[in-house]
Amino acid sequence: MTTALARKDFRAGSDSSLSYTPHTERMRALIVDDDRTLREGCASVLRSEGFAVEVTARGDEAIEMVRRQRFDIMFVDVYMTPVSGIDVLKTVMATAPNTLVVLMTGNPSVESSIEAMQIGAWEYLSKPYSGTQLQLLLGRAAHTVSSRRQAEDPSLEASEGLGNGSLVGTSPAFRRATDLAKRAAATNAAVMIVGETGTGKEVIAQFIHQNSRRSRRRLVPINCAAIPEQLLESEMFGHRKGAFTGADREKMGLLELANGGTLFLDELSEMSMSLQAKMLRVLQDGIVRRVGSEQEDAVVDVRFVSATNRDPREAIRSKLLREDLYYRLNVVQVVIPPLRERPEDIPLLANHFLRGFWARHRSQKEAIPQFSEDTLDFLVSRPWRGNVRELQNFVEHVTILAQPGSKIQIHHLPLDQEVEINSTVAGVPNLPSNDAYHIAKEQVLAAFEKNYVTRLVARASGNMSRAARLASVDRTTLYRLLERHGFRREFGESVPANEPRSENPILETVVDLPHASDISTE
């Protein structure tokens with residue numbers, strides 16, 4: 001790569017749409033490359049992204065620097081003398097195993113990349129690379145480091161990484177899901193994550209990986225619904241040179257790339273049945289055969305985490321998921337409750353996202369705005385069919401429009417219809433028109449009571465004494481209101497006692513709100 005091209009590519013790193021500065025303010029990087037132009041170009045991009053950067057041209061100097069101080073990420077050229085990049089990698093893995101090491105080379109090969117990954121390299125970067133490539137890699141690295149830090153210290157603020165916002169929550173249903181995920185993470189068992197779109201299944205997969213013994217190695221995600229069937233096999237298993245038109249070189253698949261780490265299969269039921277059959281052999285004995293190969297190319301040790309927004313048993317009945325694959329991948333099943341079943345978490349999430357997006361989009365010298373109590377009540381009352389992802393996007397929109405230090409009121413929210421505010425906040429559904437006055441009145445009052453007590457207990461975070469004080473009633477009256485609406489435990493939802501029980505065998509998440517016997521008191 002010429003000097004002019006290198007400078008041009010690295011200037012691409014200034015694209016603000018790809019900026020990850022809020023994630024990287026306290027992250028340290030070391031660049032080790034004997035090519036001064038590439039070394040300084042790489043450093044320029046990292047500094048623009050908020051990293052504290054140090055550079056050196058020698059591998060032996062890099063080893064000494066690692067022994068004296070901590071680095072979150074290192075970019076190391078493979079071919080250096082007298083100490084090579086591979087030697088630097090081996091030393092770093094022995095002395096600072098939590099450091100992410102990216103090996104860089106202008107002469108990539110399948111053999112050298114496999115060796116690097118087996119030793120513990122986090123990524124293998126071929127030269128020449130553009131500023132955009134580097135910037136995207138930095139975003140992944142920042143997220144990995146932030147996830148690891150939050151796994152070690154959950155009190156870290158949202159600006160450390162918005163990706164972990166979905167792990168914010170105190171509701172019993174959500175705590176049970178994350179507690180199960182953490183217990184499963186300590187093992188090598190395959191985990192299947194079930195939940196509606198937008199509930200945070202990939203975030204839970206990252207949480208499992210970061211809390212596992214494999215956290216030093218890679219988490220390799222693959223969206224089975226996003227890649228055409230013809231390409232997915234090549235992506236998963238790799239291919240030999242000449243295996244098909246356009247296969248002009250050998251390619252290592254994601255299974256080999258995830259060796260020693262975790263492979264996350266998102267939207268599992270979208271994978272073709274023929275490819276599911278090939279996955280069984282990998283699950284059984286770890287053998288990988290690349291497309292176009294007549295031999296066994298690799299034996300891998302991979303931990304499988306999968307996810308689906310379908311009922312897995314229904315997917316089996318519909319011939320979308322092989323039953324034998326399901327049983328191998330479903331050793332532990334973690335069910336993520338939808339946001340409507342954990343309303344007490346909505347204020348926590350909204351404030352978490354507000355702080356994080358303010359750090360990302362606005363000046364940190366400006367005072368962070370706050371949601372008013374009425375606005376938080378309104379957010380709790382909304383259905384959020386897109387779950388946490390919809391709430392996150394909604395709050396980002398609000399953050400961009402908010403004034404520094406202001407109180408965000410309901411009329412500041414980006415809503416399509418004014419009538420939605422009036423009817424939803426009041427807790428009144430569409431008025432029944434075919435019933436007698438007294439019947440209609442009872443229906444409206446019942447709907448209001450149910451809506452009111454649900455939002456009230458959510459606002460009080462499940463504390464009945466606080467809820468009673470907020471409502472200006474005694475606790476006995478509040479219990480009576482809850483009992484009147486007959487909430488009971490049910491698979492995946494909280495429903496009145498006179499409604500039929502769910503037949504869905506997979507959504508075994510219990511919602512305690514607002515079951516009076518399970519709500520805390522002072």
Side-chain angles (χ1 to χ4, degrees), residues 176-197 199-209 211-214 219-227 229 232-233 235-237 253-256 258-289 296 298-337 491-492 502-510:
R176 278 190 289 274
T178 54
D179 287 347
L180 177 58
K182 192 165 188 176
R183 291 198 301 272
T187 72
N188 274 321
V191 179
M192 180 172 288
I193 306 169
V194 178
E196 295 179 6
T197 298
T199 50
K201 297 186 290 297
E202 183 169 358
V203 176
I204 294 296
Q206 294 164 349
F207 177 80
I208 290 171
H209 177 72
N211 283 276
S212 74
R213 293 173 294 198
R214 297 172 178 263
L219 168 66
V220 178
I222 182 166
N223 189 325
C224 301
I227 302 176
E229 179 182 346
L232 186 56
E233 182 177 2
E235 288 294 318
M236 292 283 293
F237 291 86
L254 295 177
L255 282 162
E256 291 178 72
N259 188 32
T262 305
L263 184 71
F264 175 51
L265 297 170
D266 198 9
E267 303 303 345
L268 174 67
S269 59
E270 303 301 320
M271 182 186 294
S272 70
M273 297 294 278
S274 60
L275 190 52
Q276 289 183 35
K278 294 179 180 178
M279 286 294 300
L280 283 170
R281 185 176 186 189
V282 181
L283 283 160
Q284 181 175 338
D285 50 29
I287 294 176
V288 173
R289 177 177 291 177
E296 296 173 354
V299 177
V300 297
D301 172 25
V302 176
R303 199 258 182 91
F304 288 89
V305 177
S306 57
T308 178
N309 59 7
R310 299 176 182 267
D311 176 343
R313 296 185 184 277
E314 179 59 36
I316 292 172
R317 287 192 291 269
S318 301
K319 305 299 182 182
L320 296 174
L321 180 63
R322 289 180 62 104
E323 189 170 13
D324 46 4
L325 182 64
Y326 166 71
Y327 286 122
R328 286 189 178 274
L329 293 176
N330 190 49
V331 177
V332 177
Q333 185 176 113
V334 177
V335 180
I336 311 302
F491 295 132
S502 169
E503 298 300 328
N504 190 333
I506 67 156
L507 298 178
E508 297 182 356
T509 303
V510 184

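Just so it is clear, the model here is predicted, and its values are computed rather than measured. Residue numbers count from 1 along this sequence.
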*Asks:* Looking only at side chains, do E314 and S318 share a donor and an acceptor under 3.5 Å apart?
*Replies:*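 Their side chains do contain a donor-acceptor pair, which is all the 3.5 Å distance test asks for.
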*Asks:* What are the two closest heavy atoms between V332 and A184, and how far apart are they?
*Replies:*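 Result for this residue pair: CG1-CB, 3.9 Å.
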*Asks:* Under 4.5 Å between any side-chain heavy atoms of R281 and D285, yes or no?
*Replies:*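 R281 reaches D285 side chain to side chain.
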*Asks:* Would you say the side chain of I227 lies within less than 4.5 Å of the side chain of I222, judging by non-hydrogen atoms?
*Replies:*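 Contact flag for I222/I227 side chains = yes.
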*Asks:* Please name the pair of heavy atoms, one in E267 and one in T308, separated by the smallest distance, quoted to 0.1 Å.
*Replies:*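 That would be OE1-CA, 4.3 Å.
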*Asks:* Distance from L180 atom CG to I336 atom CD1, nearest 0.5 Å?
*Replies:*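 Reported value, rounded in 0.5 Å steps: 9.0 Å.
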*Asks:* Counting C-beta onward and ignoring hydrogens, is there a side-chain heavy-atom pair between I208 and K182 closer than 4.5 Å?
*Replies:*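 They are not in side-chain contact.
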*Asks:* Rounded to the nearest 0.5 Å, how far apart are CG of L321 and CZ of R313?
*Replies:*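 The distance works out to 11.0 Å.
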*Asks:* Quick check for you: to the nearest 0.5 Å, what is the distance between K278 atom NZ and S272 atom OG?
*Replies:*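 With rounding to 0.5 Å, NZ (K278) is 8.0 Å from OG (S272).
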*Asks:* Salt bridge check: are E270 and R310 linked by an N-O gap of less than 4.0 Å?
*Replies:*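 Result for this pair is yes, salt bridge flagged.
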*Asks:* Does any non-hydrogen side-chain atom of L325 lie less than 4.5 Å from one of L283?
*Replies:*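 A side-chain contact exists here, since the closest heavy-atom pair is under 4.5 Å.
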*Asks:* So which heavy atom on V331 is nearest to which on A190, and how close?
*Replies:*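 What the structure gives for the nearest pair is CB-O, 3.3 Å.
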*Asks:* To the closest 0.5 Å, what do you measure between CD1 (I193) and CG (L329)?
*Replies:*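 Output value for this atom pair is 11.5 Å.
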*Asks:* Do the side chains of P221 and D266 get nearer than 4.5 Å, heavy atoms only?
*Replies:*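 Heavy-atom side-chain distance check fails, nothing below 4.5 Å.
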*Asks:* Run the side chain to side chain contact (heavy atoms under 4.5 Å, CB included) test on M279 and F304 for me, step by step, so that the C-alpha distance in whole Å, both residues' side-chain angles and the decisive distance to 0.1 Å come before the verdict.
*Replies:* CA-CA 11 Å; M279 286 294 300; F304 288 89; 3.5 Å; yes
*Asks:* Does a side chain donor of either N259 or E256 reach within less than 3.5 Å of an acceptor in the other side chain?
*Replies:*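 Absent: no donor and acceptor within the cut-off.
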*Asks:* Identify the heavy atoms of T178 and F207 that sit nearest to each other, and give their distance.
*Replies:*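 Here T178 and F207 meet closest at O-CE2, 3.8 Å.
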*Asks:* Yes or no on side chain to side chain contact (heavy atoms under 4.5 Å, CB included) for R322 and I316, after CA distance, side-chain angles and deciding distance?
*Replies:* CA-CA 6 Å; R322 289 180 62 104; I316 292 172; over 6 Å; no
*Asks:* For A181 and I204, which heavy atoms make the closest approach, and how far apart are they?
*Replies:*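 Nearest heavy atoms, A181 then I204: CB-CG2, 4.1 Å.
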*Asks:* Do any N or O atoms from the side chain of R303 and from the backbone of T187 form a donor-acceptor pair under 3.5 angstrom?
*Replies:*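 Checked: pair present.
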*Asks:* Considering only heavy atoms from C-beta outward, does the side chain of T262 approach that of V220 to under 4.5 Å?
*Replies:*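 The answer is no, as the side chains (C-beta and beyond) never meet within the 4.5 Å cut-off.
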*Asks:* Would you compute the distance between atom CD of Q276 and atom CG of D324 and round it to the nearest 0.5 angstrom?
*Replies:*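 Here the interatomic distance stands at 8.5 Å.
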*Asks:* Test side chain to side chain contact (heavy atoms under 4.5 Å, CB included) on L320 and M273; report intermediate values, then the result.
*Replies:* CA-CA 7 Å; L320 296 174; M273 297 294 278; 5.8 Å; no
*Asks:* Kindly compute the distance separating CZ (F264) from CD (Q206), expressed to the nearest 0.5 Å.
*Replies:*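 Result: 8.0 Å between the selected atoms.
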*Asks:* Do V282 and V302 touch side chain to side chain, with heavy atoms closer than 4.5 Å?
*Replies:*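 Side chain of V282 against side chain of V302, heavy atoms only: no contact under 4.5 Å found.
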*Asks:* Nearest heavy-atom pair of R214 and H209: which atoms, and what distance?
*Replies:*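 What the structure gives for the nearest pair is O-CE1, 3.1 Å.
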*Asks:* Between V334 and M192, is any pair of side-chain heavy atoms under 4.5 Å apart?
*Replies:*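 The answer is no; the side chains never approach within 4.5 Å.
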*Asks:* Mind running side chain to side chain contact (heavy atoms under 4.5 Å, CB included) on T199 and T197 for me, showing each step along the way?
*Replies:* CA-CA 6 Å; T199 50; T197 298; over 6 Å; no
